[in-house]
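Presented below is the structure to which this report refers.
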Amino acid sequence: MKKIFLLVVFLLISLIVKSQVIPSEGLIIAEFNAPFSGTQCEYLDELTDCDLAKIDISTQPKLQAKHKIVVVPTIIVFYDGEEVARFQANIMMKLEATQEEVQDKIDETIMSDF
């Protein structure tokens with residue numbers, strides 16, 4: 001009985017981890033990407049005053065559909081669950097948004113509360 005219980009708990013935890021959701025509170029930078037794009041946004045970890053969510057659309061197709069991701073990488077700035085900015089790659093799957101542009105949007109969003 002104990003083994004069955006542990007198995008069920010393990011399965012539930014793995015389902016929760018696989019059904020990644022974007023937090024609905026605070027300032028979140030979500031990067032939607034996929035292994036086939038071959039492109040990484042190198043500066044995401046350097047952004048300040050925000051949390052980061054990295055979503056692999058090849059394993060999270062529901063999040064891809066929900067947020068209407070049509071090209072990768074795509075960066076979306078969420079504030080309290082609402083999209084406030086979107087930066088999409090060009091047709092060559094190259095993200096042209098600079099770290100400064102994304103950070104400026106973060107800073108602008110924070111300042112809008114004052």
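The chain is numbered in sequence order, starting from 1.
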If Ile, Leu, Val, Met, Phe, Trp and Tyr residues are connected whenever their side-chain heavy atoms lie under 4.5 Å apart, and connections chain through other members, are [X] and [Y] in the same group?
{"X": "M92", "Y": "V71", "result": "no"}
{"X": "V84", "Y": "M111", "result": "yes"}
{"X": "I55", "Y": "L52", "result": "no"}
{"X": "M93", "Y": "V102", "result": "no"}
{"X": "F87", "Y": "I91", "result": "no"}

Shortest non-hydrogen contact from [X] toward [Y]:
{"X": "C41", "Y": "L95", "answer": "SG-CD2, 3.9 Å"}
{"X": "I28", "Y": "A53", "answer": "CG2-CB, 4.2 Å"}
{"X": "S37", "Y": "N33", "answer": "OG-OD1, 2.7 Å"}

Side chain to side chain contact (heavy atoms under 4.5 Å, CB included), paired with P73, selected from E31, Q40, K54: E31
Matching residue for Q64 among T74, D56, I57 - test: side chain to side chain contact (heavy atoms under 4.5 Å, CB included): I57
D80 side chain to G26 backbone, donor-acceptor under 3.5 Å: yes
Value rounded to 0.5 Å, distance of OG1 in T109 from CG in D49: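 Output value for this atom pair is 11.0 Å.
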Nearest-0.5 Å distance, OH of residue Y79 to CD of residue E25: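 The distance works out to 10.5 Å.
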From CA spacing to verdict: side-chain contact (heavy atoms from CB on, under 4.5 Å), I29, I75: CA-CA 7 Å; I29 305 302; I75 296 173; 3.6 Å; yes
Validation row: V77, L27 side chains within 4.5 angstrom (heavy atoms):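 The answer is yes; the side chains approach within 4.5 Å.
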side-chain contact (heavy atoms from CB on, under 4.5 Å) between T48 and I106, intermediate numbers included: CA-CA 8 Å; T48 60; I106 292 166; 5.9 Å; no
Short side-chain donor-acceptor distance under 3.5 Å, Q103 and D107: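 Yes, because at least one side-chain N or O of D107 sits under 3.5 Å from a partner of the opposite role on Q103.
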Counterpart residues, side-chain contact (heavy atoms from CB on, under 4.5 Å), relative to Q99 (two or more places apart):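 Y43, E46, L47.
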Aromatic ring pairing H67/F32, orientation class (parallel under 30°, perpendicular over 60°, tilted between):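 Correct class here is tilted.
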Residue pairs, two or more places apart or on separate chains, that pass salt bridge (charged side-chain N to carboxylate O under 4.0 Å, His left out) and touch residues 83-94: E83-R86
